Amino acid sequence: MSTETTVTGSLGVPMKRKEDPRFIQGKGNYVDDLSFPHMLYMAIVRSPYPHAEITNIDTSEALKVPGVVAVITGKDLEAAGLGWLPTFHGKDKQMVLAIGKVLFQYQEVAAVFAETRGAAADGAEAVQVDYNPLPVVTDPFTAKTDEVLLRPDREAKTNHIYHWEVGDKDRAEQALEASEKRIKQRMWFPRCHPAPLEPCGCVAFFDTMGRLQFHVTSQAPHVYRTALALVTGIPEDKIHVISPDIGGGFGNKVPVYPGYVCAIVGALKIGRPVKWIESRTENLTSTGFARDYHMDVEIGAKADGTVTALKVSTAADHGAFDAAADPTKYPAGMFGIVTGSYTFPVAFAEVDAYFTNKAPGGVAYRCSFRVTEASFAIERGMDILADELGMDPVELRRKNFVRKEQFPFPSALGFTYDSGDYHKTLDVALEKIGYPALLKEQAEKRAKGELMGIGISTFTEVVGAGPSKHFDILGIKMFDSAEIRIHPTGAGIVRTGAKSQGQGHETTWAQIVAEELGLDPQHIMVEEGDTDTAPYGLGTYASRSTPVAGAAIAMAARRVRERGRKIAAHLLEVGEGDVEWKDYKFQVKGVPSKSVTMKEVAFAAYTNPGQNEPGLEATQYYDPPNMTFPNGAYIAVVDVDKESGEVKVRRFLAVDDCGTIINPMIVEGQVHGGLTEGFAIAFMQEIQYDKDGNNLNTNFTDYLVPTSLETPHWETASTVTPSPHHPIGAKGVGESPNVGSPAAFVNAVVDALSPLGVRHIEMPVTRDKVWRAIRDAEAKRGQS
Ligand code: CDP
């Protein structure tokens, strides 16, 4: 039976929970559904070796496979000047197809084009490649020794990629020395993978006008168009990038991958459309991974728990090429948010990145460029400090929170936090979870020798990259845009440079326009992902859509309203200054009965505009003055079985503050999805390499994605502290649950094991790791 409830967002636009047509606005086109006459399929030959010289490639047998039309290798691309691909980070380049040697297992070595998918795969099997294996480096600490030099192609003869630092090192070290209490913990945020359900793919062809039509799973279509123009030399007007419906991106669909370049080269060389769709294994082994940060976290405090200093030193494993997608000035992304929600008087953070024989990437997996790593570091660190001080982690946090009257708050590492009420958000969480009762239950259980843990994470994020004075990718400033056209009947279309991958922009963008213009959101079409029609924008990742594109939409709508005001004045036969926008209508000031709706104004704009410019549309580019700083208070409750090491997440509550909420149902959905990913990262997922550089997690039987059976029940709530600089007060939310939850899970497990003397456990917190930690702790106690 269908029950229908109506809910209202902070913006006041009512929406129905069931069968709302706004949820089916998507056209249902996925790249793999596309088919064009004479289309060829591409398969990629990949290296079985993580590090090896290529001594010979023989394509003759492959070309004999029925249906195979062509094979290209790195040498072919090099001859065409397309051997290397600039990465989004800009400084390093990535081989398109291996030239001379391979640097990671599953690296792209050759591309085969054939009439069918099967023939392409058979052709790839038939390509003979001779390798001469070389010594392998699988961690940044070995890479640091430079005993095996991985990238002799680079001018700098070292595996060290960059050193980045922020803050005052001397003062931080002095303050740590002087602190009454001090903790230091090495923690590793393991290499994991966004693993969107739809892998990456494209269809490339040159139309009869010689224009590249490129259908691709891209979170940033305009950036792709510019990058392709720069790489291939094809003029930008001759490139049409279409990013259709996307089955999840999570950062994985931001970089330009070698497969895309090969498909375009194939289409150009053969003169036919080429389709390339990755397999699951290709996606997990060769596209942008996430995290892989080894962090040494040091916190100093007074005996009463007041924090006095923070220092975090990180060794980052970037794999074979520095293909991390980060803004130019921020090679370690927004890692500077590592001061979290706390008033550190002094702090210092540094990151050293190294090449290893692993897949390249380092994407912001549902994260605003390394915010997840930073949040994990500080939220684990605060718990370890609480343990050292013998203090309740809640009290420690409360004591050190930035207070609401301190906003805008300048952090020790250079950010200006816009707004927040951390005490309130935490209080809501404690009340909802029933913290005192949980503490009582835990004490009773501990007395019986049972292991129950409560884990807190009170994170602050930095999202909405970003203000053009600081943020660019490949030199392109990170503003965004919106174009709104209102049709004569009051229906309309909004186009942006963002690109939804399931976040529901179709709904929320329509709501913003509806709220600003008093129109029906059901009849506001949302279109993204087509570079021929959408205004230029940097795309959707790092929770930047609402802070940047969402703001552009509100501002564009306000421009439409200003144009509408002139037409309203004409219709109401008063001066423009006598017209006010009130109760979703244009009214004559002081005479509410004399009014016209936006719908009437829209009709007049095309039928009776008077002396005014006809039509009703506007475009707005929005350069945000600051980032937005969402925050949250998450609490996990776990029970750990002493005998088996099994962890049961009994409860999980997420209280998020993302400023003004456009659509509560979408925000709830975002939080549920992100928590499920955070849960998987904390307990199940790791892209592991053995010491020989073999990737051990090449499919979904080895790289686990939780189903509804494993996923805990999520409890959610929110507080609303609007962003003072965003036109509608909204902050991003998409990443928050992935950013905030891993620390809550791990803190809960460590809290459960703390009576045994366990102080830290590395993710993923698998049953065998927990079992081992319990046994080791017991053995240690037996000895003492
Ligand atoms: O950039 P991305 O779309 O991934 O993330 P986001 O800006 O956090 O938005 C995710 C979804 O949540 C979008 O549909 C937003 O419009 C919606 N949202 C909302 O309804 N209210 C907010 N304060 C923030 C986001």
Side-chain angles (χ1 to χ4, degrees), residues 187 189-190 192-194 249-252 290-293 295 297 312 314 326 330 332-342 349 362-383 397 411 415 417 420 422 425-426 429 455-465 503 540-547 627-636 652-659 667 669-683 685 714 716 718 731-748 763:
M187 44 186 99
F189 205 123
C192 53
H193 198 282
F250 313 112
N252 187 238
R291 328 290 192 232
D292 219 345
Y293 260 32
M295 304 176 285
V297 181
V312 184
T314 297
D326 285 302
Y330 296 88
M334 305 293 103
F335 194 75
I337 197 70
V338 70
T339 50
S341 308
Y342 315 105
V363 297
Y365 166 21
R366 206 165 184 161
C367 154
S368 181
F369 312 111
R370 304 295 185 182
V371 169
T372 314
E373 293 88 326
S375 296
F376 185 77
I378 187 63
E379 288 306 313
R380 272 299 294 128
M382 290 302 272
D383 257 42
R397 285 172 164 83
S411 83
F415 288 118
Y417 296 12
Y422 299 159
T425 309
L426 178 59
I456 317 272
S457 167
T458 49
F459 62 95
T460 290
E461 266 197 286
V462 45
V463 307
Q503 292 93 327
T540 289
Y541 43 86
S543 278
R544 63 185 299 279
S545 302
T546 304
M627 306 284 277
T628 68
F629 295 76
N631 69 284
Y634 289 2
I635 304 181
F652 193 99
L653 169 70
V655 182
D656 278 285
D657 192 329
C658 59
V667 167
Q670 292 287 302
V671 173
H672 281 206
L675 290 178
T676 306
E677 289 175 330
F679 167 74
I681 290 166
F683 291 107
Q685 297 181 335
W714 306 123
T716 58
S718 55
K731 306 179 180 186
V733 76
E735 340 260 81
S736 298
N738 194 320
V739 167
S741 65
F745 290 119
V746 179
N747 285 346
M763 290 191 291

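Predicted, not measured: the structure shown is a model, and the values here were computed from it.
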Side chain to side chain contact (heavy atoms under 4.5 Å, CB included) between Val297 and Met187, intermediate numbers included
CA-CA 8 Å; Val297 181; Met187 44 186 99; 3.8 Å; yes
Identify the heavy atoms of [X] and [Y] that sit nearest to each other, and give their distance.
X      : Y      : answer
Pro737 : Gly734 : CD-O, 3.8 Å
Ser457 : Gly740 : OG-O, 2.8 Å
Gly464 : Pro547 : CA-CB, 3.6 Å
Ser741 : Leu675 : CB-CD2, 3.8 Å
Ala364 : Cys367 : CB-O, 2.8 Å
Ala377 : Met295 : CB-SD, 3.9 Å

With rounding to the nearest 0.5 angstrom, report the [atom1] to [atom2] distance, [X] to [Y].
X      : Y      : atom1 : atom2 : result
Asn738 : Thr372 : CG    : OG1   : 5.5 Å
Phe745 : Met763 : CZ    : CE    : 11.0 Å
Leu426 : Thr458 : CG    : OG1   : 6.5 Å

Assess whether side chain to side chain contact (heavy atoms under 4.5 Å, CB included) is satisfied between Tyr342 and Ile378, documenting all intermediate values.
CA-CA 9 Å; Tyr342 315 105; Ile378 187 63; 3.8 Å; yes
Quick one: are [X] and [Y] in side-chain contact, heavy atoms under 4.5 Å?
X      : Y      : result
Lys731 : Thr546 : no
Arg397 : Met382 : yes
Glu735 : Tyr365 : no
Val462 : Phe369 : no
Asn747 : Ile456 : no
Pro630 : Ser736 : yes

Do Tyr293 and Phe335 make the cut of ring centroids closer than 6.0 angstrom?
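Yes, the ring centres sit under 6.0 Å apart.
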Could you tell me which residues satisfy side-chain contact (heavy atoms from CB on, under 4.5 Å) with Ser375, sequence neighbours excluded, listed by chain and number?
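So Ser375 forms a side-chain contact (heavy atoms from CB on, under 4.5 Å) with Val371, Phe459, Val739.
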Residues forming a side-chain contact (heavy atoms from CB on, under 4.5 Å) with Thr540, sequence neighbours excluded:
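Applying side-chain contact (heavy atoms from CB on, under 4.5 Å) to Thr540 gives Ala498, Gln501, Gln503, His505, Ser545.
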Any sub-3.5 Å donor-acceptor pair from Asn252's side-chain atoms to Pro194's backbone N or O?
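Judged by distance alone, no pair lies under 3.5 Å.
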Any luck finding a side-chain donor-acceptor pair between Tyr417 and Thr628 under 3.5 Å?
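Per modelled atom types, Tyr417 and Thr628 side chains form no pair under 3.5 Å.
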Side chains of Thr460 and Ser341: donor-acceptor distance under 3.5 Å anywhere?
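Side-chain D/A pair, Thr460 to Ser341: present.
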Donor-acceptor pairs are to be reported for all side-chain atoms of residues 652-659 against protein atoms at under 3.5 Å, with residues two or more places apart or in another chain.
from: Asp656; atom 1: OD1; to: Tyr634; atom 2: OH; distance (Å): 2.8
from: Asp656; atom 1: OD2; to: Tyr634; atom 2: OH; distance (Å): 2.9
from: Asp657; atom 1: OD1; to: Gly659; atom 2: N; distance (Å): 3.1
from: Asp657; atom 1: OD1; to: Thr721; atom 2: N; distance (Å): 2.9
from: Asp657; atom 1: OD2; to: Thr719; atom 2: OG1; distance (Å): 3.0
from: Asp657; atom 1: OD2; to: Thr721; atom 2: N; distance (Å): 3.2
from: Asp657; atom 1: OD2; to: Thr721; atom 2: OG1; distance (Å): 2.4

Carefully, step by step, assess Glu461 and Ile337 under the rule side chain to side chain contact (heavy atoms under 4.5 Å, CB included).
CA-CA 7 Å; Glu461 266 197 286; Ile337 197 70; 5.9 Å; no
Where do Met627 and Arg544 land on the side chain to side chain contact (heavy atoms under 4.5 Å, CB included) test, with the steps shown first?
CA-CA 9 Å; Met627 306 284 277; Arg544 63 185 299 279; over 6 Å; no
Does Arg291 count as lying over the ring of Phe189, i.e. NZ or CZ under 6.0 Å from the six-ring centre, within 45 degrees of the axis?
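Arg291 over Phe189 ring: yes.
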